[in-house]
Amino acid sequence: MRFLMAVPLTVVLISGASSPADCAEARQAAATIDASKTGAPISKNIYGQFIEHLGRCIYGGTWAEMIEDRKFYYPVTGEAPAWGMYEPGMPSWEGEGHPYELLERSPWMIVGDNRAVAMVKKGAFVGEHSPEVTLPGENRSAGIMQERLGLDAEREYTGRLVLAGDPSAAPIRVSLVWGGGAGDRDTVVIDTLNEAFAKHQLRFCSSGTTDNGRIEIVGRGAGRFRIGTVSLMPADNVNGWRADTLALLKQLDSPVYRWPGGNFVSGYDWQDGVGDRDRRPPRKNPAWKGIEHNDVGIHEFMDLCREIGAEPYIAVNTGLGGAEAAAQQVEYVNGSDSSAMGRLRAKNGHSRPFGVKLWAVGNEMYGDWQLGHMPLEDYVKKHIQVVEAMRAVDSSIQPVAVGAAGDWSRTMLSHGASHMSLISEHIYWQDKDDLVEHVTQISDGIRRIAEAHRLYRKELPVLQNQDIRVALDEWNYWYGPFEFGELGVRYFMQDALGIAAGLHELFRNSDIYAMANYAQTVNVIGAIKTTKTRAEMETTGLVLALYRRRFGEIPISIEGDLAPLDVSAARAENGSRVTVAVVNPTEKRWAVSLTVKGAELAETTRQWVIAGPSRWAFNSPGRERSVDVRQTSRYGPIGSLDIEPLSVSLFSMDVR
Ligand code: AHR
């Protein structure tokens, strides 16, 4: 059943228009909703999210670690830290040439003579090498330091430092510095050093606010000391996750998170991300620009999901990885503690199986940008082999196959249908000059994918007894300069309108879409943006949070010649209320007369509006919001809906 049908326009007057001029100018439309004509329930997983090890999505956005390259992937040479320019190699990805904070060499600087620091391979604490400082003696200092830390006054920071060295090299002074004055620092003194690496706890309080705070690790004794690793986080971190970002994630309230990629997963070895966090190896991100610190792995992801009440959806590597590693991963996550991998998990602190059901089997394997990309015929076989190995470990998992509407999805479904619970699709859009087109391209794209899958359902014999729905597990706009690290594009009011229209299209095709994961959650094409010390909801995040919280679960029919508005309606699962949402991608006010059939509504309407002063309005972390959600209530028969220019409006009426 489709929920948008054409009927002639009806002219009505509205109450509540803000001024007579507005009223006179308001465009008119009419809609009829019928609560007795319902569609397939909207899966709550339509409000899914996706976090990838890329740019500042996890590290530098969601994970609370403040130290860059804390495990010394890059050698500390004394060369000044360098920040790169993004050159994506894909001309349509407009981040090209826009500078952003991308490390190209060590962010660590040397205190004292550059020759005081050498990178030592033998007995390195983690990774390839550890810095060793040779103290010059005569009470002169040497060590390392890192700048560009974001600090807030009266805020506490905790961490740890792993050190080894000659006893004579002690004491080592570790300082957090927020200014140029002698007193603008808090120092922890480590009095004893030994040949074996040992962990030392750090705790500081900053008395200043700065974007260029500094940590120094310095000795003045005699002999040598080595630095294994160092970590520093705001003391209010929650199991390592940033408290401010976490608060926004809770507002987003997404029921399901896809992790760890994306392109990243096709080169990821999940075993790098388990065990003692300080000993996990730092690596070059296999698909993107930065370093993979491996501080966030399966356990941390599961902690995050538990903290925000979301279901985990884990992607396995079918690019450079294969069936054996995927099966071991399933055993690690879901196996009993008597299995080999389950035992390892228990040793790493979690004896009970995590019980993850949703598994993405690979990512975008159709694309030549994907590590391990291969021809379709080969990949179908690989998919089947990987799923068989995963199911041999846990037959209850729900595998999600890589799809791409067209030949790829058709072939995967024809040959692999019995080896998948869902099939994935991805879609991104750039901006368009015409605002209505900018918005409708989203609904058009989502509808086209649904139509393709409706066709496969008709045509493919194998789908006659199997309901394989679509997981649109990456969807979003993606355009503009990278203001929040790699792929950190900003979103505007115009994008909020498009994302709302996208949700409406997902609702209209609720028989096809079982899941959709907005890509991505933080910084990287993200619904939330962060600076070093602040986090804020993007315009698009406001939309996702509002619909998740307020929109109904059962789509109901809506008729009317409503374009360019996009109107969607639903009732609550328990029938207690009806919600109507309207996207207005025009600079005109609209009056939509609403006729309601199939339900008797109470006379109170609650309304939430997301609107901005222009299509280019946006929010920034640490600044007052220029786009926000306003809530109002109105008494009296519903009659007519007053729709502001450039707005997303959601109306909720109780059913009598
Ligand atoms: O979301 C960013 C990237 O876009 C993902 O890593 C990849 O799957 C897609 O091409």
Side-chain angles (χ1 to χ4, degrees), residues 48-62 86 88-96 100 102 254 256-268 284-290 292 296 301 313-321 359-374 379 400-406 408-409 422-430 442 445 449 470-480 482 484-491 495 499 502 515-529 538 540-541 544:
Q49 289 284 332
F50 167 40
I51 55 172
E52 177 168 12
H53 292 246
L54 190 189
R56 286 171 45 198
C57 180
I58 294 180
Y59 307 114
T62 318
Y86 185 68
M90 281 198 182
S92 61
W93 295 12
E94 297 172 31
E96 202 149 11
Y100 66 91
L102 173 73
S254 171
V256 60
Y257 273 73
R258 178 171 179 254
W259 170 87
N263 296 347
F264 170 79
V265 78
S266 297
Y268 179 54
K284 162 86 189 66
N285 186 309
W288 302 98
K289 296 279 183 183
E292 173 49 46
V296 172
F301 174 61
Y313 169 30
I314 297 182
V316 302
N317 177 351
T318 63
L320 302 182
W359 291 84
V361 183
N363 177 71
E364 293 186 356
M365 290 306 300
Y366 46 82
D368 58 8
W369 59 89
Q370 201 65 213
L371 292 162
H373 160 67
M374 64 186 76
Y379 188 70
V400 182
V402 171
W408 188 282
S409 279
L422 299 174
I423 184 159
S424 139
E425 296 279 351
H426 291 175
I427 184 165
Y428 290 102
W429 299 264
Q430 299 215 322
I442 299 255
I449 293 173
V470 173
L472 188 68
D473 52 17
E474 289 186 31
W475 71 288
N476 203 355
Y477 286 106
W478 177 343
Y479 66 93
F482 297 173
F484 296 88
E486 195 173 9
L487 268 56
V489 304
R490 191 188 277 294
Y491 293 116
D495 308 311
I499 293 306
M515 176 158 65
N517 304 71
Y518 180 87
Q520 299 185 8
T521 312
V522 179
N523 288 328
V524 172
I525 45 177
I528 292 167
K529 292 297 192 320
E538 279 280 21
T540 54
L544 293 163

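For the single chain, residues carry numbers from 1 onward in sequence order. Numbering of ligands and ligand atoms starts at 1, following listing order.
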Could you tell me which atoms of ligand 1, counted from 1 in the order shown, lie closer than 4.0 angstrom to a heavy atom of [X]?
X: N363; answer: 7 (C), 8 (O)
X: W288; answer: 3 (C), 6 (O)
X: I525; answer: 1 (O)

Any idea which part of [X] is under 4.0 Å from ligand 1, heavy-atom wise: side chain, backbone, both or neither?
X: W478; answer: side chain
X: N263; answer: both
X: Y428; answer: side chain

*asked:* To check you understand the geometry: which heavy-atom pair defines the closest contact between D473 and S424, and what is its length?
replied: OD1-OG, 3.0 Å

*Do you know which two heavy atoms are closest between M365 and S266, and how far apart they sit?*
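Shortest heavy-atom contact: SD-OG, 4.2 Å.
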
_Ring centre gap for W429 and Y479 strictly below 6.0 Å_ = no

*Measure from the ring center of Y59 to the ring center of H53 and say whether it is less than 6.0 Å.*
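Centroid distance Y59-H53: below 6.0 Å, so yes.
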
*asked:* Would you say N263 and Q370 are linked by a side-chain donor-acceptor pair, where the criterion is simply a distance under 3.5 Å?
replied: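 On atom types as modelled, these side chains qualify, holding a pair under 3.5 Å.
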
*Residues which pass side chain to side chain contact (heavy atoms under 4.5 Å, CB included) with S409, listed by chain and number, not counting sequence neighbours*: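 I423, E425, H453, Y456.
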
_Contact between ligand 1 and V524 is defined here as a heavy atom of the residue under 4.0 Å from a ligand atom; is it met?_
no

